[in-house]
Amino acid sequence: MAQYVAAAAAVGSAVLQYRAAQATEIGYQAKAKQEELKGRVSAVQAKEDGNKVLDNMIAQMAYGNAFAGKGNTDPFSGSKLGVSIKMQSQGIAEYNIAQTNARIAKEMGFYQARIDRSAGKTAKTLGYANAVATLGTGAYQYKQMTGKYGDKKDTI
């Protein structure tokens, strides 16, 4: 009778290990999706930052033109033109940095997602291997308890 209990325990344990491996993989898959989403959100935020830089640059240039126009000076020549060009150059550089940051954030999200998916597959494979090993151990113990041909061993 004890050999049947041991066999049932081994099978039950193997099934639980199999289910745990599946659940672990599902958890890693969910984490991978979360990482992708986090990367996309960061990318959108970086793009918004880039747009704010351009908006600020346009506002500053408009202010400069209005200020120069009020003083009866030509806003498109002399030092005002140099300041505007420098402002545009700086604004475009910051915008490009924001766009690069957006691409990096998105790619980092995808990279982390690939790591999580790989970890999920590995956890699932190891869980399945542990389940098979548990079944093997259970079969060996069953064989030890029942004897070579199914006869009960004298266990005292």
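As the structure is a computational prediction, the values presented were derived from the model and not from experiment. Computation of the quantities below employed the complete heavy-atom set of this structure, encompassing side-chain atoms and omitting hydrogens, waters and symmetry-equivalent molecules.
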Residues Leu54, Met57; criterion side-chain contact (heavy atoms from CB on, under 4.5 Å); working and verdict
CA-CA 5 Å; Leu54 292 179; Met57 179 189 71; 4.0 Å; yes
For the residue pair [X] and [Y], establish whether any side-chain heavy-atom pair is separated by less than 4.5 Å.
X	Y	answer
Leu37	Lys33	no
Gln29	Ile26	no
Arg114	Ser118	no
Glu25	Gln22	no
Lys38	Met108	no

Between Arg117 and Glu35 (salt bridge meaning N to carboxylate O under 4.0 Å), is one present in this structure?
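Glu35 and Arg117: not salt-bridged.
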Show the nearest heavy-atom pair for residues [X] and [Y], with the distance to one decimal.
X	Y	answer
Ala113	Glu36	CB-CG, 3.5 Å
Leu135	Ala14	CG-CB, 3.6 Å
Ala43	Ala105	N-CB, 3.9 Å
Ala21	Lys124	CB-O, 3.7 Å
Gly138	Ala10	CA-CB, 3.5 Å
Ala119	Tyr28	CB-CE2, 3.7 Å

Enter the distance from [X]:[atom1] to [Y]:[atom2] here, rounded to the nearest 0.5 Å.
X	Y	atom1	atom2	answer
Gln60	Asp55	CD	CG	12.0 Å
Thr24	Lys121	OG1	NZ	15.5 Å
Glu94	Ser89	CD	OG	10.0 Å
Ser42	Ile104	OG	CD1	11.5 Å
Thr137	Asn130	OG1	CG	10.0 Å

Test item: side-chain donor near acceptor, Glu107 and Tyr111, under 3.5 Å
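Result is no, nothing qualifies.
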Counting heavy atoms not belonging to Tyr95, are there more than 12 under 6.0 Å from its OH?
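Not buried by this count: 12 neighbours or fewer within 6.0 Å.
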Ala9 backbone acceptor or donor facing Ser13 side chain under 3.5 Å:
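Here the side-chain-to-backbone pair does not exist.
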